[in-house]
Amino acid sequence: MLGLAVATLIASASALAETKPAVTFSPAYSGNYTHYGSTSRGIYYVVIHTIEGTAGGAISWFKNPASKVSAHYVVDYSGAITQMVSDGDVAWHAGNYDYNKHSIGIEHAGYAGKDYWTEAEMVASAKLTRWACLTYGIPMDRSHIIGHIEVPGATHTDPGKYFKWDHYMALVKGGSSGGGGTPPPPTSSGLKARKCTADTL
């Protein structure tokens, strides 16, 4: 009887487990992120960005030693995902080092001021975010899945007014509706905003 209960528990856990979406690893320049080497850095947030250009442009820029920026992932209009910084390292994407340290940054092909989000891009990104939430224990809510504009001290407006948060959060949760709106200020992590400089990005 005990063996059956254990087997049932294992089967239930397996049903909840999800495989990471397919990614192509193409590393950013090593001087454009902080080598931490462990997801024990505490991953509490997913930060959603727009590239203000193409996925290829972002990949090239993150490989450029002059850029001093990076993100963990880049999602193309087609839904193709490129990983540029390992999850255990700290990408420089949020303009706030504390948030950089405790988040996964996802860049998306497109522009904050243009209404061009493909469904393939939204679905692929949402699958990636869902996987990150399940893997690192990030709540699937708008206090923890945030736009770049919502990072304290942010000077950027992405992902922009055309980003369909309700639809995105429904995809993340595996449903068909819900999850939009402006999140309350994060309070549980004790993170504080810092002035954004080239050294703190």
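For reference, positions follow the sequence shown, starting with 1.
The side chain to side chain donor-acceptor pair (under 3.5 Å) check on S67 picks up N32, with sequence neighbours excluded. Annotation: side chain to side chain donor-acceptor pair (under 3.5 Å) contacts of H72 (sequence neighbours excluded): R41. T157 is linked by a side-chain contact (heavy atoms from CB on, under 4.5 Å) to A112, I149, counting only residues two or more places apart in sequence or in another chain. Take A124 and apply the side-chain contact (heavy atoms from CB on, under 4.5 Å) test, not counting sequence neighbours, and it matches V75, I81.
Aromatic ring centroids of Y99 and Y45 lie under 6.0 Å apart.
No donor-acceptor contact under 3.5 angstrom links the side chains of H148 and E107, judged on distance only. In this structure, a donor-acceptor pair under 3.5 Å is present between the side chains of H49 and H93.
The OH atom of Y136 lies 5.0 Å from the CD1 atom of I43; values are rounded to the nearest 0.5 Å. Annotation: the span from Y162 atom OH to Y116 atom OH amounts to 15.5 Å, rounded to 0.5 Å. Rounding to the nearest 0.5 angstrom, the gap separating the CD1 atom in I104 from the CD1 atom in I138 is 6.5 Å. Rounding to the nearest 0.5 Å gives a distance of 5.0 Å between CE of M140 and SG of C133. Between atom OH of residue Y44 and atom NZ of residue K101 there is a gap of 8.5 Å, rounded to the nearest 0.5 Å. The line from CZ of R130 to OG of S125 is 13.5 Å long, rounded to the nearest 0.5 Å.
The backbone N or O of S143 sits less than 3.5 Å from a side-chain atom of D141, completing a donor-acceptor pair. With S86 contributing its side chain and G88 its backbone, the two residues share no donor-acceptor pair below 3.5 Å. Judged by distance alone, the side chain of N96 and the main-chain N or O of P152 form a donor-acceptor pair under 3.5 Å. Formation of a donor-acceptor pair under 3.5 Å by the H35 side chain with backbone atoms of S30 is found in this model.
For the pair P159 and G147, the tightest heavy-atom approach, listed with the atom from each and the gap, is CD-CA, 3.6 Å. Counting all heavy atoms, side chain and backbone alike, V85 lies closest to A28 at CG2-CB, 4.2 Å. Between A71 and G105, the shortest heavy-atom contact is CB-O, 3.8 Å.
Ion pairing between E18 and K127 fails under the 4.0 Å rule for side-chain N and carboxylate O.
A single hydrophobic cluster is not seen to contain both Y77 and I51; linkage of ILVMFWY side chains at heavy-atom distances under 4.5 Å, directly or through other members, places them apart. Residues Y29 and I59 fall into different hydrophobic clusters, defined by Ile, Leu, Val, Met, Phe, Trp and Tyr side chains chained together at heavy-atom separations under 4.5 Å.
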| query | Could you go step by step and tell me if Y33 and F62 meet the ring-ring contact (aromatic ring centres under 6.0 Å, His included) rule? | reply | CA-CA 9 Å; Y33 61 92; F62 294 161; over 10 Å; no

| Chi angles and distances behind the side-chain hydrogen bond (donor to acceptor under 3.5 Å, both in side chains) call for T129, Y168 | CA-CA 10 Å; T129 293; Y168 188 78; 2.7 Å; yes

| said: Under the criterion side-chain contact (heavy atoms from CB on, under 4.5 Å), I'd like the reasoning laid out for V151 against I146: C-alpha separation, chi angles, the key distance, then a yes or no. | reply: CA-CA 8 Å; V151 173; I146 62 175; 4.0 Å; yes

| query | Step by step, would you call V46 with I48 a side-chain contact (heavy atoms from CB on, under 4.5 Å)? | reply | CA-CA 7 Å; V46 175; I48 303 297; 4.0 Å; yes

| message | Test side-chain contact (heavy atoms from CB on, under 4.5 Å) on D115 and K164; report intermediate values, then the result. | response | CA-CA 10 Å; D115 187 9; K164 298 174 178 65; 3.5 Å; yes

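Counting only residues at least two apart or in different chains, salt bridge (Lys or Arg N to Asp or Glu O under 4.0 Å) contacts with residues 74-90 are absent.
W165 and F163 have perpendicular rings, their planes meeting at more than 60° on a 0 to 90° scale where under 30° would count as parallel.
For the pair K114 and Y111, the cation-pi criterion (under 6.0 Å, within 45° of the ring axis) is fulfilled.
Counting heavy atoms from C-beta on, the side chains of H144 and P139 come closer than 4.5 Å. Looking only at side-chain heavy atoms (C-beta outward), E52 and H156 stay at 4.5 Å or farther from each other. Contact check for I106 versus V47: no side-chain heavy atoms found under the 4.5 Å cut-off.
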Could you pull out all donor-acceptor pairs under 3.5 Å where a side-chain atom in residues 20-27 meets a protein atom, sequence neighbours excluded?
| unit_1 | atom_1 | unit_2 | atom_2 | d |
| --- | --- | --- | --- | --- |
| K20 | NZ | Y73 | OH | 3.0 |
| K20 | NZ | Q83 | OE1 | 2.9 |
| S26 | OG | K63 | NZ | 3.0 |

